[in-house]
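The block underneath contains the structure these notes are about, expressed in structure tokens.
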Amino acid sequence: MAQLDRPGGYMDGIVRVRFAPSPTGYLHIGGARTALFNWLYARHHGGVFILRIEDTDRERSTEEAINVIITAMRWLGLDWDEGPFRQMGRLPRYEEEARRLLETGKAYKCYCTPEELEERRKAALARKETPKYDRRCASLSEAERLACEKKGLKPVIRFLCPDEGTTIINDLVKGEVSFENANLDDFIMVRADGIPTYNYAVVVDDHDMDITHVIRGDDHLSNTPRQILVYQALGYKIPEFGHLSMILGPDKTRLSKRHGATAVEAYRDEGYLPAALINYLALLGWGFEDQTIFDRQELIQKFGLEGVGKSPAVFDSTKLAWMNGVYIRELSVHELAGMMKPFLQRAGLAVEMYDDTWYNRLAEITRERLEKLGDIAELSSFFFHRVEYRPEAVEKVLKKEGVPDILRKTLEALSDTSFEFYSEPIEKRLRALVEETGLKAKFVFQPIRVAVTGRNISPPLFETIELLGREATLERLGEAIRLLEMAGNS
RNA sequence: GCCCCCAUCGUCUAGUGGCCUAGGACACAGCCCUUUCAAGGCUGCGGCGGGGAUUCGAAUUCCCCUGGGGGCACCA
């Protein structure tokens, strides 16, 4: 842990990081990436990963969202060592520290109403000026203050921001970033109802929880100088910061619901594997040599903030899908078989029709064809209900010259009960049939495929026939023949 | 409007002054394998945003421009 030996670092302490989502919706892909990087950083350094719920927005925070986030974190395997802590459970601490700031003159009460503020903000914008609080309440006399209180006005607490000086951040991923304090205004620390706002609460929390490294999204970079000023005013030790670039949609704007699924939950429901999502997310902003596929242990072992890039990354769902396919193929047949069932069931297919042996076989023949577990339903639905002949398959394959004859011969060959109904003997019989007709294999096999599956695309034919079983296969062959006879083909 | 960040193939990235005629992965195209679709193998297509400067030598350092992103709430 040599890299802890840096100025402002923590020479002897262990790494303590946190993920601090606000429970206002789902766990967003971007949030998951932030959580992952924090988790990897903690695990790599043998540190502590803390989960903290930032629920000071009473309007938007919900219990439901907290559960959704926790469920998603667990599903991803991002286990935390402390928490979940909730800011709403820490109100007395914020009050205590706010009082200290008030007493030392580093904060003041402000009686301006939201309406007044909004009006002045608009006016400033109209004058093409930068909206900034004019600090009028900072110089309120005791008498004026009392008058406001008498009118029933509830004050907010504002942080008195120094108007000179420069605040410099030595960001672990961005490098040195500096801000002029003069550009910062006296932001609201505590609302009129006594609940702290983000920029204030986050400082007290990170201090109280002994956070050594604040790893979070880029969108917080411009908040950081305000927070550093609070750290200083409170006499706290300043942690290290590492700001991760945003994840963008294909149109290069910040990834949002407009771009499709952004909730981790949605990926789970479509049949993405946690290992694949983790692997993909790790690569969004981080890289290690030429490697693409990393298992969890490798990620922990190789992860470091030095490897994190500064530029934003576009979320590429195509690559994620490919990667998920890679992970599906790495699953054992047994594991895959077990995972497939819920997806088939959810698609309304009668999963109880078959036994475990059958599902293992199904997994075997479909594993190379799945990108998402959810694909299994479409790929294998014909096993579960009677054939639905797809018009384009009928047109392109079945209506070809000589097809009824091929199907009749197939029916005959497979009606022979002197062999076990497994793919190998089935293949032997059908290849013999190909010999007999003198046709190219595909001219025989394609019609059979369409006849038994209803489509021109399916898993491998002989295995498919085996899984369908003799009875259903013969029935479907017969149905196809009848269909063609009725249509006048013979 | 003000402040901040970013800039290598379409996308994710390797690259930290010479090893780069810029490497890998996804996607795309072609070929091979093949009963379809996949998977797999091979080949190809494709990039250092522009302009200055430093240097014997810049993708790599500095400046400007351009482009993109983020922030400027009693949201986080």
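Given the structure is predicted, the values throughout are model-derived calculations rather than measurements.
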Query - Counterpart base for A29(B), defined by Watson-Crick or G-U wobble contacts under 3.5 Å - result: U43(B)
Report task. Establish whether the base of A25(B) is bridged to the side chain of D290(A) by a donor-acceptor pair shorter than 3.5 Å. Result -> no
**Report entry** Phosphate-side-chain proximity, S311(A) and G68(B), N/O vs OP1/OP2 below 4.0 Å
**Finding:** no
Query raised in the report: Which listed nucleotide (A76(B), A27(B), U35(B)) is nearest to the side chain of F445(A)?
Result: U35(B)
Query raised in the report: Looking for any heavy atom pair under 4.0 Å, which part of the strands does L283(A) touch: base, sugar-phosphate only, or nothing?
Result: sugar-phosphate
Query raised in the report: On a plain distance test, is the side chain of K319(A) in donor-acceptor contact with the base of A25(B) below 3.5 Å?
Result: yes
Report task. Look through every strand shown and name the nucleotide pairing with C48(B) as Watson-Crick or G-U wobble, where both distances are under 3.5 Å. Result -> none
Report task. Tell which nucleotide pairs with U34(B), taking only Watson-Crick or G-U wobble pairs whose two distances are both under 3.5 angstrom. Result -> none
Report task. Please determine, for C2(B), whether a Watson-Crick or G-U wobble partner exists with both distances under 3.5 Å, and give it or none. Result -> G71(B)
Query raised in the report: Going by atom types alone, do T366(A) and R361(A) pair a side-chain donor with an acceptor below 3.5 Å?
Result: no
Query raised in the report: With Y198(A), which of H220(A), Q87(A), R226(A), E54(A) fulfils side chain to side chain donor-acceptor pair (under 3.5 Å)?
Result: H220(A)
Report task. For the side chain of R254(A), starting at C-beta, report the closest nucleotide among C2(B), G70(B), C5(B). Result -> G70(B)
Requested in this report: Would you tell me if any nitrogen or oxygen in the side chain of K252(A) comes within less than 4.0 Å of OP1 or OP2 on U11(B)?
Outcome: yes
Query raised in the report: So which nucleotide from C4(B), A76(B), U35(B) ends up closest to the side chain of R431(A)?
Result: U35(B)
Report summary line: Answer for the Watson-Crick or wobble partner of U61(B), both distances under 3.5 Å, is A53(B)
Query raised in the report: Which one, U35(B), C37(B), G69(B), comes nearest to the side chain of R449(A)?
Result: U35(B)
Query raised in the report: Roughly how many Å is it from CG in N324(A) to C1' in A25(B), rounded to a whole number?
Result: 16 Å
